[in-house]
Amino acid sequence: MKSLAELDKLREEIQREMALREKKEGIKVVVSMGTCGIAAGARDVIAVLLEEISRRNLQDVVLTQTGCAGLCHCEPLVQVEGPGGEKVTYGHVDEQKAREIVAAHLVNGQVIKEWTVKEEGERV
Amino acid sequence: MEELSWHIMDIARNSLEAGATYLKIVVDEHTADNQLRFMVQDNGPGMPDYVQKRLLDPFFTTKTGKKVGLGLPLLQAAVERCGGSLEIWSRPGTGTRVTAVFPYFCWDRPPLGDIPRTLTGLLAGQESLHLYYRQTYDGREFIFDTAEVRAYLQGLPLVTPGVLVWLNQYLGEGINSLYGGGRNEIARRAG
C-alpha cells in the first residue's frame, strides 16, 4: 500500500524531469464543472485528462476548471486555450474523446473540428 | 446523479465558486445503524437569508448566465427518495455546511461512487485549496489532508498532474482498506 512518504521520491522524479524539459508557451485546458457538467460525467473527463497529461509528461499544459458555461446541453465541455489566446471548445466529451483531444490537440496541435461547439449563441 | 460522490463534488464546487479556500468533507458509513452520512463544510462567505430561503427552488440561482440551480434540489430529491434527511447550515462571514443522511441499505440510494476521482478532480487547478477528507466505515477511519501532502511536496505544486494521479491511487488504496480490501457495493448502477 502507498504511503505519503513515497511522495518524496515522486517529487524528486518530477523535479528532475522538469529541469530537463524546456518550458514552452502554455496551453490552458478548462473543464466545466457546474451541476450540468458533473451530471454529464465531467469528473471522469478530468481524471482522464490528468492521467494523459501526466503520462505524456506535458509540462506546458495547465488543467483547470470552471462553473456552468451556459451550454448545459453540450456537457461535458472542455475548452482548450492556446498560447496565443485562441480558444476551442469541445462538447459531449467522454473519456475516450478526452484521450484523443490530448493526443491530437495538446500534443500535435490538431483541432478535432467535428467535436467542437460554438461558444456563443444557443445559450440556455 | 449516478453517485453520491457526484453530489459531494457538486456541493464542493459551489463552495469553491463562492470563494472558499478550505473544504472539509466527511463520509461516515455505519452499516449497523443502517446509515450513510456525508458532510461538506467550507470557509466561504456564507449565504444571506434570501438565498437560504430559496436553496431548494430549482428555478433559483445566484449565478449569471443561467436560470436554473439544480444542485441542491437534486440532492434533496435523492434524499427524499430514500427517506433520508438534508440539513443546510450557513452563516454569512463564517461558511456553509451541507449534511445529507441516507439509509445505508436502500434500493434507491445511489452508491457512494468514486471518491478518489472526486477529490482529485476538485483539487485540479486549485493550488490554494486546503482540502481535508475523513471517511469512516464501521469504526475504521481514513484521513487525507492536503496540508500534510504539501509538507512532503516541499513547494512542488500539488496540482502537478503526476502528483494528482499518484494521489488518486493513494486515496483508492486507503479507502479500499476501510472495506477490508474489496468494495462491497457496485460502483455504478444501471439506468
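Hydrogens, waters and symmetry mates are skipped; everything else that's a heavy atom, side chains included, is used.
Distance CE/A/Met33 to CG/B/Asn14: 11.5 Å, rounded to 0.5 Å. Interatomic distance, CG of A/Leu7 versus CZ of B/Arg150, reported as 12.0 Å (0.5 Å rounding). Interatomic distance, CD1 of A/Ile38 versus CH2 of B/Trp6, reported as 9.5 Å (0.5 Å rounding). With rounding to the nearest 0.5 Å, the separation of OH in B/Tyr152 from CG in A/Asp8 is 7.0 Å.
Proximity of A/Arg11 to B/Val163: side-chain heavy atoms (C-beta onward) are nowhere separated by under 4.5 Å. In this structure, the side chains of B/Arg13 and A/Thr35 stay at 4.5 Å or more apart for every pair of heavy atoms. Residues A/Arg43 and B/Asp114 are in side-chain contact: their nearest non-hydrogen atoms beyond the backbone lie under 4.5 Å apart. With a 4.5 Å cut-off on side-chain heavy atoms, A/Gln65 and B/Gln126 count as touching.
Within 6.0 Å of the CZ atom in B/Arg140, the count of heavy atoms belonging to other residues, nucleotides or ligands exceeds 12. Heavy-atom contacts from other residues, nucleotides or ligands closer than 6.0 Å to NZ of A/Lys28 number 12 or fewer.
Only the side chain of B/Thr160 comes within less than 4.5 Å of a heavy atom in chain A; its backbone stays farther off. Using a 4.5 Å cut-off between heavy atoms, A/Ile14 contacts chain B through its side chain alone, with no backbone atom that close. Of the atoms belonging to B/Val165, it is side-chain heavy atoms, and not backbone ones, that fall under 4.5 Å from chain A. At a 4.5 Å heavy-atom cutoff, the contact between B/Glu173 and chain A is made by backbone and side-chain atoms alike. Heavy atoms of B/Asn168 lying under 4.5 Å from chain A are absent altogether. At a 4.5 Å heavy-atom cutoff, B/Leu16 makes no contact with chain A through either its backbone or its side chain. The contact between A/Glu51 and chain B is made by backbone and side chain atoms together, counting heavy-atom distances below 4.5 Å.
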Notebook entry, point to check: Where do B/Tyr170 and A/Glu6 land on the side chain to side chain contact (heavy atoms under 4.5 Å, CB included) test, with the steps shown first?
Noted result: CA-CA 10 Å; B/Tyr170 168 78; A/Glu6 291 169 39; over 6 Å; no
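In terms of hydrophobic clustering, with Ile, Leu, Val, Met, Phe, Trp and Tyr side chains grouped at heavy-atom distances under 4.5 Å, B/Val26 and B/Leu75 are assigned to different clusters. Placement of B/Leu129 and A/Val30 in two distinct hydrophobic clusters is found when ILVMFWY residues are connected by side-chain heavy-atom separations under 4.5 Å, directly or transitively. Hydrophobic clustering, with ILVMFWY side chains joined whenever heavy atoms are under 4.5 angstrom apart, groups B/Leu123 together with A/Leu4. Linking Ile, Leu, Val, Met, Phe, Trp and Tyr whenever their side-chain heavy atoms come within less than 4.5 Å puts B/Leu153 and A/Met18 in one cluster. Hydrophobic clustering, with ILVMFWY side chains joined whenever heavy atoms are under 4.5 angstrom apart, keeps B/Tyr22 apart from B/Met47.
The most heavy-atom pairs under 4.5 Å with chain B, out of A/Thr64, A/Ile46, A/Val31, A/Leu50, come from A/Leu50. Chain A forms more heavy-atom pairs under 4.5 Å with one residue of B/Leu164, B/Leu156, B/Leu70 than with any other, namely B/Leu156.
The minimum heavy-atom distance linking A/Ile53 with B/Pro161 is given by the pair CG2-CG, 3.7 Å. The two residues A/Met1 and B/Gly174 come nearest to each other via the heavy atoms CE-CA, 4.0 Å.
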